[in-house]
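Quick notes on the structure that follows.
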Number of protein chains: 2
Amino acid sequence: MSDTFDPRLTDLAQEFREALRLGVYMFRRLDPEGDLTAAQLSLLSMISDGGLRVGDIAKNLGIKVPSATEQIIKLERVGLVTRQPDPDDSRAVQVAITQAGTAAVEYANQRRNAMVAELLQGLSKQEIEQLAAALPVISKINSSFQK
Amino acid sequence: MSDTFDPRLTDLAQEFREALRLGVYMFRRLDPEGDLTAAQLSLLSMISDGGLRVGDIAKNLGIKVPSATEQIIKLERVGLVTRQPDPDDSRAVQVAITQAGTAAVEYANQRRNAMVAELLQGLSKQEIEQLAAALPVISKINSSFQK
DNA sequence: CGCTCATATTTAGGTAGCCTAATAGTTAGG
DNA sequence: CCTAACTATTAGGCTACCTAAATATGAGCG
């Protein structure tokens with residue numbers, strides 16, 4: 001409701017936005033060639049604990065349904081997911097990960113984790129703790145952003 | 001050189017990557033309609049303290065020179081930056097922000113900061129401190145990633 | 001039952017923001 | 001000077017989003 005904030009909060013907001021920008025850049029660089037793209041990996045990770053409907057996938061990824069459909073169809077073509085009509089509601093489609101999909105996720109995560117772990121090695125013990133402490137906060141901010 | 005890391009570092013890497021993903025999502029949502037795009041704002045902010053050459057802008061943004069040129073030309077068309085040959089090196093082009101550009105940056109930052117500050121209001125004092133402490137760490141990680 | 005309205009997905013077409021490769025102009029070193 | 005290195009632009013392509021419209025199913029109600 002209020003349009004004004006504690007100035008320190010506004011300063012922090014500015015710094016946080018700058019960190020987000022750097023994060024976007026880093027996230028992009030983490031895409032190795034000839035592997036899953038970031039978008040594909042995110043989608044596959046999302047359904048690795050059980051199939052979901054297209055709409056749920058889109059909502060969880062924070063994208064629109066047609067964008068999710070597009071990714072899903074591509075993943076289906078290369079055999080990483082299956083699409084089946086939801087038995088309870090034939091309007092809906094259940095998207096499930098295949099064995100090949102699971103393997104691809106594991107491989108991609110390992111590769112990317114190794115890249116990031118290498119970067120984290122350059123940090124002091126204290127910096128690592130500071131980073132670790134902030135990750136749940138970022139997650140919380142995101143949740144409140146989802147509305 | 002080594003391909004294996006402290007497993008805790010790998011776990012942290014996984015969590016950090018997940019936070020980056022959320023950050024990408026948030027960053028995208030912060031783009032208000034009818035305003036500067038995130039890419040435009042980043043570029044303009046970069047030159048708001050003084051003109052830079054196209055190559056420097058690209059390097060600082062972590063993008064390739066042709067991508068920077070493209071953005072710069074668009075910004076020039078709407079009067080937010082000027083392009084002038086570098087007096088010391090006529091191969092190079094100095095890109096400078098205009099008054100309209102400065103105003104646009106200010107407006108865009110205020111809007112986005114207000115959006116983020118609103119989110120940050122939902123955090124506890126401790127969470128705010130944890131977030132603030134981690135931002136320089138993220139910046140450091142990014143620097144080491146630049147190579 | 002049959003209408004109508006809501007819901008779930010797909011299709012069609014468009015955009016932003018990256019990329020690589022090729023081109024043109026400028027500088028600098030042998 | 002002439003060749004190699006550098007700076008920027010042009011051309012063409014890709015990914016991952018988007019909105020609007022089409023299709024199909026489900027659900028409520030008179």
Side-chain angles (χ1 to χ4, degrees), chain A residues 21 23-44 46-47 51-78 81-96 108, chain B residues 21 24-44 46-47 51-78 80-96 108:
Chain A
R21 194 186 75 72
V24 170
Y25 168 71
M26 285 191 277
F27 200 70
R28 208 151 42 212
R29 303 295 127 170
L30 280 177
D31 253 31
E33 294 196 39
D35 197 351
L36 295 176
T37 64
Q40 291 174 329
L41 178 54
S42 296
L43 199 159
L44 288 175
M46 176 142 305
I47 59 172
L52 286 178
R53 292 150 45 124
V54 175
D56 293 330
I57 292 173
K59 195 195 297 178
N60 292 341
L61 285 176
I63 61 180
K64 301 298 176 188
V65 172
S67 306
T69 294
E70 189 180 349
Q71 293 291 347
I72 290 163
I73 288 174
K74 277 187 211 159
L75 288 169
E76 189 189 32
R77 269 205 280 271
V78 294
V81 306
T82 57
R83 281 197 298 173
Q84 295 196 330
D86 185 325
D88 299 337
D89 182 346
S90 19
R91 291 171 301 178
V93 171
Q94 279 283 336
V95 182
Chain B
R21 195 185 75 71
V24 169
Y25 167 70
M26 287 190 277
F27 199 69
R28 210 152 39 211
R29 303 297 126 169
L30 280 176
D31 253 34
E33 295 196 37
D35 196 353
L36 294 176
T37 64
Q40 290 174 331
L41 178 55
S42 296
L43 199 159
L44 287 175
M46 177 143 303
I47 59 172
L52 287 178
R53 294 153 40 127
V54 174
D56 293 331
I57 292 172
K59 195 195 300 181
N60 292 340
L61 286 175
I63 61 179
K64 300 298 175 186
V65 171
S67 306
T69 294
E70 189 180 348
Q71 293 291 348
I72 290 163
I73 288 174
K74 277 188 211 156
L75 289 169
E76 188 189 34
R77 268 205 281 270
V78 294
L80 301 185
V81 306
T82 56
R83 282 197 298 172
Q84 296 196 331
D86 186 323
D88 298 337
D89 181 348
S90 20
R91 290 170 303 180
V93 171
Q94 279 282 335
V95 182

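We name chains A, B, ... by the order of the sequence lines, and we start the count at 1 in each one. Since this is a predicted model, take the numbers as computed values, not measurements.
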Does B/R83 form a side chain to side chain contact (heavy atoms under 4.5 Å, CB included) with B/Q94? I'd like the steps, not just the answer.
CA-CA 6 Å; B/R83 282 197 298 172; B/Q94 279 282 335; over 6 Å; no

Side chain of [X], heavy atoms from C-beta onward: which of [options] has the nearest atom to it?
X: A/R28; options: C/dC18, C/dT20, D/dT7; value: C/dC18
X: A/A39; options: D/dT19, D/dC17, C/dT20; value: D/dC17
X: A/D89; options: D/dA8, D/dT7, D/dG26; value: D/dG26

So [X], base contact, sugar-phosphate only, or nothing? Heavy-atom distance under 4.0 Å.
X: A/V54; value: sugar-phosphate
X: A/E70; value: base
X: A/D86; value: nothing

If only side-chain N and O atoms of [X] are considered, is one of them under 4.0 Å from the OP1 or OP2 phosphate oxygen of [N]?
X: A/T37; N: D/dT15; value: no
X: B/S90; N: D/dT7; value: no
X: B/R29; N: D/dC18; value: yes
X: A/R83; N: C/dA8; value: no
X: B/T69; N: D/dT9; value: yes

Taking for each residue the nucleotide of DNA chain C bearing the nearest heavy atom, is the 5' side occupied by B/V65 or by A/Q94?
A/Q94

What is the distance, rounded to the nearest whole Å, between atom CZ of A/R53 and atom C1' of D/dT25?
12 Å

Using every non-hydrogen atom in the two residues, find where A/A38 and A/F27 come nearest and quote the distance to one decimal.
CB-CE2, 3.5 Å

Per the atom types in the model, does the base of C/dT9 pair as donor or acceptor with the side chain of A/R91 at under 3.5 Å?
no

Option among B/I57, B/I63, B/T37, B/L61 that satisfies the side-chain contact (heavy atoms from CB on, under 4.5 Å) test with B/S42
B/L61

Residues that B/R29 engages under salt bridge (Lys or Arg N to Asp or Glu O under 4.0 Å), provided they are two or more places apart:
none

